[in-house]
Amino acid sequence: MGYEETTSKIRELAKEALESGKAEVVIGFAEGSLPGRYVPAFITNAEDANKLVWGPFTENNLARYLKDFKGGKVAICAKGCDSRSIVALLKEKQVDRDSLYIIGVPCSGVVDRTKLPDAGFVNSVSVNGDTLKVKKTVGEEDFSIAGILRPNCVVCEHHNPVISDVMAGEPVEDGPVDARYAMLEESEGKPDEERWAEFEKNTSRCIRCYACREACPMCYCPTCFVDNWQPKWIGAGQEQSDLDVFQIVRCYHLAGRCTDCGACVSACPMNIDIRRLLSRIEKSVKDSFGHEVGINLEEPPPLNTFSQEDTLEQVV
Amino acid sequence: MAKLLEKSKVDEFLKSFGEDALVLCPVEREGIVFFDVPSEGESITFDFANTKNAPKAAFFPQSECMYKYGRKGDVFEMTDTGYDDKPRVLFGVRPCDAKSFDILDRLFVNKEFVDPYYQAKRNSSTVFALGCSEPCRTCFCTSVDCGPFGTDGADVIMTDLGEKLLLEPLNEKGEKAIASLPDAPEGEIKKKETIASEAEGKIASKVDIEGIPEKLWEIFDHPIWEEVAERCLGCGACTYLCPTCHCFDIQDEVMKSDGKRVRNWDSCMFPLFTLHGSGHNPRTKQGERWRQRLQHKFNYYVENFGCTACVGCGRCIVNCPVNIDIREILGKVKNAEKVAVEEGK
């Protein structure tokens, strides 16, 4: 199903949801101000449903906004990874299932914005079948959409939503199992100093803007550990150790909860790739507890649960 | 007197400022161009639209130690860590970013208050602006009293002529800085004039900010703010990359008996920004925080310091994770209906 059909279907479902009272607001995407960008949109009137769009630019995880709509009936356009975040949020009792109307959208991947020409010199970006046509201020460039997907989309296993009330399209083929952990093989066998240097090369660019945290649906603590006083856990400045600890602790807080949606990497203005640490942690959780994030609603979150069968290795 | 500098001789020219001088320029790192001190093996790049980060950090670092203190037995000691006045050469600053220095100067160094940390660095710096021959589509500098070859805040304005740079002094400091270079022939100066006037015409993005300060007072209680901020994540990307944003937080970092007082950048977009010691927060909603950002830049700063605190660089637009566009918001503000202020507010 092409993006145009998906867009029509989403508009139809959103309109129906608002008119029938299934939802008071529909969270989706609308056209952005920049070429090749979408903006999260919050539609409350049925006649505005036509503002909703779908395409390969859905880089934000819309489940992040659910915490802003507690108490009301909310419809949300959820791609595969977003839907798993919703499952994770349901397990942690952050969202009430009865107040959600999930419009599931099968996803073929999101374009990696950093692979496109500088936004300052692009006039328009349009989708033509499998190709992205980019009209620059000087000249044109075509890209194969499949060839410029975000790294997490390339290895994504669950292209189809795992939970939904209605689907905005036919399911698409899922990706390879556990491919998200393949990137870990790259650092296998490398000496610790080299791996640490690679890690710090990334984190040294961090400007503590917290775009990663704010873009993440699972970061919902009213007071984030970085903002805590008494005790003050880490400095707020640019000490390398503080930058390292911020990233490390945030990743650890996501253990067993991160769906590899890539919203953090897409949001980061410094192009920091934090996925390797996150993947390492998620693999560890999967190996230890056999748990995959956001798949099974009945399964309690592994790090919130203790069972008699847990071994010391698992727990430590 | 305008001077000429071969690009191949730029390194040599920058070294001529001496070993004690800190040189900052555009450097490319893993596909992103930063404005920073080049590391070992790095060199200046001219192949960029604008740097990811704004050069304001040269005078107003993201994190700065103000002084140290400690307890030695029964005695409490404070250590003055001084003011860094190491000479700095900022080479290749876009005119919008150079203008940001002029804007920040009004706050950090004025008749009422002088920030000695900022002033020390600012006074010992020489700013070489680099005109934009090919402005971005996201630049709207001409709408905020600037331009691709603007000269505010700079000591020298440079033009990229391909293999060489034309350098024109803007003041005595600039003249002195380039005195050692060969004079530029008339023909090169004429080339610059053509490039500069064409560049002005290439600015595609225009925003009408006529009457915005008054309008912002009139619509303080308008529902527009919640609508505008609905998708705002409340991160600090816009404020930290902005050349004119300057809000900061002062904190103590203490380890046992030693401590230091540190000034770090802060962002009005963070919920914590206005959290009082009492626990009360006057800005609990993202709409209130977004209103503050726009009011500060386009209203309060105009009233307090006589200029708009925005240079139209477009960084906030391009880097916002949810594509919030300040140009669109200014348009909405311009068209918004005045809202009557309730009694007692």
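On a predicted model such as this, the values are computed, not experimentally measured, just so you know. Each chain gets a letter, A, B and so on, in the order its sequence line appears, and its residues count up from 1.
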Kindly give the heavy-atom pair with the smallest separation between A/L34 and B/R327, and that separation in Å. CD2-NH2, 4.0 Å
For B/E30, is there an ion pair with A/R205 - N to carboxylate O distance below 4.0 angstrom? no
Crowding at NZ, B/K334 (>12 non-hydrogen neighbours, <6.0 Å): yes
Whatever's closer than 4.5 Å to a heavy atom in chain B on A/N60 counts as side chain
Atom group of A/Y38 that falls short of 4.5 Å from chain B, counting heavy atoms: backbone
By the definition side-chain hydrogen bond (donor to acceptor under 3.5 Å, both in side chains), identify the one residue from A/D118, A/N123, A/T137 that meets it with B/R137. A/N123
For residues A/V39 and B/V322, report the shortest heavy-atom separation together with the two atoms involved. CG1-O, 3.4 Å
Approximate separation, where rounding is to 0.5 Å, of A/I207 CD1 and B/S63 OG: 13.5 Å
Largest heavy-atom contact set with chain A, pairs under 4.5 Å, which of B/G236, B/G31, B/A204: B/G236
What are the two closest non-hydrogen atoms of A/A236 and B/Q251, and how far apart are they? CB-OE1, 3.9 Å
Would you say B/E230's side chain and A/A41's backbone share a donor-acceptor pair under 3.5 angstrom? no
Between B/E134 and A/K136, does a salt bridge (Lys or Arg N to Asp or Glu O under 4.0 Å) hold up when you go through it step by step? CA-CA 13 Å; B/E134 296 295 337; A/K136 303 188 281 195; over 6 Å; no
Please check: side-chain N/O of B/K52 versus main-chain N/O of A/P269, any donor-acceptor pairing under 3.5 Å? yes
How long is the span from the SG atom in A/C209 to the CG atom in B/L233, to the nearest 0.5 Å? 10.0 Å
Shortest non-hydrogen contact from A/R208 to B/F270? O-CZ, 3.9 Å
Do other residues, nucleotides or ligands put more than 12 heavy atoms under 6.0 Å from A/W196 CH2? yes
Segment of A/V138 engaging chain B (4.5 angstrom heavy-atom cut-off): neither
Measuring from A/T223:OG1 to B/L272:CG, what's the distance to the nearest 0.5 Å? 7.5 Å
In Å, rounded to the nearest 0.5 Å, how long is the span from CD of B/E253 to CD1 of A/I234? 9.5 Å
Counting only heavy atoms not in B/K285 (residues, nucleotides, ligands), do more than 12 fall under 6.0 Å from its NZ? no
With a 4.5 angstrom heavy-atom cut-off, could you sort out which part of B/C320 is near chain A: side chain, backbone, both or neither? backbone
Is it the side chain or the backbone of A/Y210 that comes within 4.5 Å of chain B heavy atoms, both, or neither? both
Backbone N/O of A/S33 and side chain of B/N323: donor-acceptor pair under 3.5 Å: yes
Test: A/E214 and B/R231 ion pair at under 4.0 Å: no
Need one label for B/L241: side chain, backbone, both or neither, based on atoms under 4.5 Å from any heavy atom in chain A. side chain
